[in-house]
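These notes are about the structure you will find just below.
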2 protein chains.
Amino acid sequence: MTAEDTVPTRLRQAPSWLLGQASIHGHRLVTEHFASADARGYHYRLLAALQEFGPASQAALGRCTGVDRSDVVAALNELADKKFIERSPDPADRRRNIVTITSAGTDHLEHLTGVLTQIQDALLAPLSAAEREQLTHLLTRIVDHHTSRH
Amino acid sequence: MTAEDTVPTRLRQAPSWLLGQASIHGHRLVTEHFASADARGYHYRLLAALQEFGPASQAALGRCTGVDRSDVVAALNELADKKFIERSPDPADRRRNIVTITSAGTDHLEHLTGVLTQIQDALLAPLSAAEREQLTHLLTRIVDHHTSRH
DNA sequence: ACACCAACATTGGTGCGGCCAACGATAGCA
DNA sequence: TGCTATCGTTGGCCGCACCAATGTTGGTGT
């Protein structure tokens, strides 16, 4: 086999590749651990937003979590099935649903947050505390740049 | 709207979230720019491996690029349609296909590499050269940790 | 020589996550 | 009054990472 299990140099040097690979490992950790808790990424995003900002419309939830409107519907259906959120019509604007997190939902969110903390530790295992902060800072700047720039 | 377009703190602080978001922006850039060149990520990975390591079997290609065997088949079909690679049976091992990059394929790879360089620049725009190196280093360590650990 | 297991290419299917297009209903504004 | 925008919802698409099964072929142990 001419090609050992070595990543081609062209790839290994590209930040976009490294970013993608690192994010894949993170994503796998999240998926696996969340699956054990009968959850997935979208659930956490929505619950976190509801807990922090209080009851909100589905469109607002989608906007602040970066989840598409149509995907918000599906995720909220799943969360509603598990009694983690409740939908009620907005009396002030009959187009809107007001989404509220239940106490069971808050508990679930708290649990998932714990799980997520463990995940971060597994993901960043080879890095020191200072390096983790460095990485967070660099990534934040990239993300901010690409979101504020609309 | 109680929730403005602000990302919940719980998310904003999680490195896995930042990694995912940054990788999404990178991925979008790659997808868009590569689409203009009638290519996608898998194509580049495979062509890069072929160029660097020479003719190889599909299984070997999949292993060193991190692409699943079954997905290698599909991607190579696409590349073969465009005459960028050629499949020939391995006389020494009739289970194997020997995949070879054509000169058109090399040209295409070279072109895509140029495109990719531009992408890196757009992706890391807010970072200085030193910071880019820092980021690359940190990411490399994470990726290495999660791949060498099998 | 034989049985057995491992590796190969291929098919087909799953799931998540990020998208887009369209629809009917409603709100706000000209 | 219309025009436009927003909202929830349905349904679909694509990329990428996976898994399972199949038939073929190689290599090994006995």
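Side chains included, hydrogens not; waters and symmetry mates left out as well; all remaining heavy atoms used. In the text below, chain A, chain B and the rest are named by the order of the sequence lines, each starting its count at 1.
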Relative to the 5' end of DNA chain C, which residue comes earlier, Gly20(B) or Ala59(B), by the nucleotide with the nearest heavy atom?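 This one resolves to Ala59(B).
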Nearest-nucleotide wise, let me know which of Asp71(B) and Leu76(B) is further upstream toward the 5' end of DNA chain C.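 Closest to the 5' end, via its nearest nucleotide, is Leu76(B).
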To the nearest 0.5 Å, tell me how far Ile98(B) CD1 sits from Ile85(B) CD1.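 If we round to the nearest 0.5 Å, Ile98(B):CD1 and Ile85(B):CD1 are 12.5 Å apart.
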Any donor-acceptor pair under 3.5 Å from Asn97(B) side chain to Val99(B) backbone: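 Checked: no pair found.
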Without swapping roles, check the side chain of His33(A) against the backbone of Leu116(A) for a donor-acceptor pair under 3.5 Å.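 No, the answer is negative, given that no donor and acceptor are paired below the 3.5 Å cut-off.
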If the test is side-chain hydrogen bond (donor to acceptor under 3.5 Å, both in side chains), which one of Arg96(B), Arg69(B), Arg87(B) qualifies with Gln58(B)?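 Testing each of Arg96(B), Arg69(B), Arg87(B) against Gln58(B), the sole residue satisfying side-chain hydrogen bond (donor to acceptor under 3.5 Å, both in side chains) is Arg87(B).
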Round to a whole Å and report the spacing from CG of Leu79(A) to P of dG8(D).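 After rounding, the reported distance stands at 15 Å.
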So, Arg132(A) and Gln120(A): side-chain donor and acceptor under 3.5 Å apart, yes or no?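 Judged by distance alone, the side chains do not pair up.
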Indicate, yes or no, whether a donor-acceptor pair under 3.5 Å links the base of dA25(C) to the side chain of Arg95(A).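 A donor-acceptor contact between them is absent.
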Going by an N to O cut-off under 4.0 Å, is there a salt bridge joining Arg141(A) and Asp144(A)?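 Result for this pair is no, no salt bridge flagged.
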Name every residue in residues 22-47 of chain A that has at least one heavy atom under 4.0 Å from any atom of DNA chain C, in order of residue number, or write none if there are no such residues.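 Residues of residues 22-47 of chain A that come under 4.0 Å of DNA chain C are, in numerical order, His27(A), Arg40(A), Gly41(A), Tyr42(A), Arg45(A).
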Listed nucleotide nearest any side-chain atom of [X], set [options]:
X: Asp93(A); options: dA9(C), dT26(C), dA6(C); result: dT26(C)
X: Arg63(B); options: dC8(C), dT10(C), dC7(D); result: dC8(C)
X: Arg69(A); options: dG18(C), dC7(D), dA9(C); result: dC7(D)
X: Ser70(A); options: dC19(C), dT26(C), dC18(D); result: dC19(C)

What's the shortest heavy-atom distance between Tyr44(B) and Arg10(A), and which atoms?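 Where Tyr44(B) meets Arg10(A) most closely, the heavy atoms are OH-CD, 3.5 Å.
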Below 4.5 Å, heavy atoms only, C-beta onward: do Cys64(B) and Thr6(A) meet side chain to side chain?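 Contact flag for Cys64(B)/Thr6(A) side chains = no.
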For Watson-Crick and G-U wobble pairs within 3.5 Å on both distances, what is DNA chain D written in dot-bracket notation, | included for inter-strand pairing? .|||||||||||||||||||||||||||.|
[N] phosphate, OP1 or OP2: any side-chain N/O from [X] under 4.0 angstrom?
X: Arg96(A); N: dC7(D); answer: yes
X: Gln58(A); N: dT9(D); answer: yes
X: Arg94(A); N: dT26(C); answer: yes

Would you kindly compare Gln21(A) and Asp68(A) by the position of their nearest DNA chain D nucleotide and give the one closer to the 5′ end?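 On the 5' side of the pair lies Asp68(A).
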Pick base, sugar-phosphate or nothing for Asn97(B), based on heavy-atom distances below 4.0 Å to the nucleic acid.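 Touches sugar-phosphate only.
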When hydrophobic residues are tied together by side-chain contacts of less than 4.5 Å, even through go-betweens, does Ile24(B) share a cluster with Tyr42(B)?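 Ile24(B) does not cluster with Tyr42(B).
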